[in-house]
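All values reported here derive from a predicted model rather than from experimental measurement. Any value given below was found using the heavy atoms of this structure, including those in side chains, with hydrogens, waters and symmetry copies removed.
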Amino acid sequence: QVQLVESGGGLVQPGGSLRLSCAASGSILSISSMRWYRQAPGKQRELVAHITSSDSTTYADYVKGRFTISRDNAENTVYLEMNSLKPEDTAVYYCYAVINSYGGSFNKHYWGQGTQVTVSS
């Protein structure tokens with residue numbers, strides 16, 4: 001059974017940095033798309049960053065130049081380096097992946113449980 005586990009959230013002051021990690025585990029054959037989403041209180045979940053299996057990346061406009069998504073295929077892990085954090089970045093951050101598993105499960109979508117990021121002085 002495949003699962004995604006995030007870590008690295010916390011409380012940080014404006015202008016600070018955090019690094020989120022999301023590790024996929026289970027009977028994984030390959031992972032294509034890996035993404036980070038976030039959801040602030042009272043708002044819809046929104047896409048923050050996306051990385052493909054060939055390391056092509058895209059970012060939401062509001063994080064361009066501040067956030068960097070990367071992945072370690074050997075460890076089935078995706079990262080989100082967040083710099084110059086602002087109070088409006090406060091949200092629960094979720095990782096998402098499209099995974100092919102041993103046993104014939106292809107292109108199945110998985111979500112992590114979420115990790116809280118709070119930017120406040």
Nearest-0.5 Å distance that lies between atom [atom1] in [X] and atom [atom2] in [Y]:
| X | Y | atom1 | atom2 | value |
| --- | --- | --- | --- | --- |
| N76 | I28 | CG | CD1 | 4.5 Å |
| I99 | I31 | CD1 | CD1 | 4.5 Å |
| Y93 | C22 | OH | SG | 15.0 Å |
| R35 | H109 | CZ | NE2 | 7.5 Å |
| F67 | S84 | CZ | OG | 9.0 Å |
| H50 | S33 | NE2 | OG | 3.0 Å |

Of all heavy-atom pairs between [X] and [Y], which one has the smallest distance, and what is that distance?
| X | Y | result |
| --- | --- | --- |
| L18 | G8 | CD2-O, 3.8 Å |
| G114 | Y94 | CA-CD2, 3.5 Å |
| L80 | A49 | CD1-CB, 4.2 Å |
| S121 | P14 | N-CD, 3.7 Å |
| Q39 | A91 | O-CB, 3.5 Å |
| L85 | R66 | CA-NH1, 3.9 Å |

Item to complete: Just say parallel, tilted or perpendicular for the rings of W111 and Y37, cut-offs at 30° and 60°.
Response: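 Ring orientation, 0 to 90° scale: tilted.
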Under 3.5 Å, is there a donor on one side chain and an acceptor on the other for [X] and [Y]?
| X | Y | answer |
| --- | --- | --- |
| E46 | Y62 | yes |
| S54 | T52 | yes |
| N100 | S30 | yes |

Worksheet item: Under the 3.5 angstrom rule, does the side chain of T90 hit a backbone N or O of V119 as a donor-acceptor pair?
Response: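 Side chain of T90 to backbone of V119, a donor-acceptor pair under 3.5 Å: yes, one is there.
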Fill in: Flag, side chain of E6 to backbone of L20, donor-acceptor distance under 3.5 Å
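Answer holds: no.
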Discussion item. According to a hydrophobic-cluster definition based on side-chain heavy atoms being under 4.5 Å apart (Ile, Leu, Val, Met, Phe, Trp, Tyr only), do Y59 and Y79 belong together?
Written reply: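 No, because Y59 and Y79 fall into different hydrophobic clusters, even though each may have its own neighbours under 4.5 Å.
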Practice prompt. Would you mind telling me which of V117, D89, T115 makes a side-chain contact (heavy atoms from CB on, under 4.5 Å) with R38?
Written response: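 With R38 as partner, side-chain contact (heavy atoms from CB on, under 4.5 Å) holds for just one option, D89.
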Worksheet item: Does the side chain of I51 come within less than 4.5 Å of W36's, by heavy atoms?
Response: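 Not touching, per the 4.5 Å side-chain cut-off.
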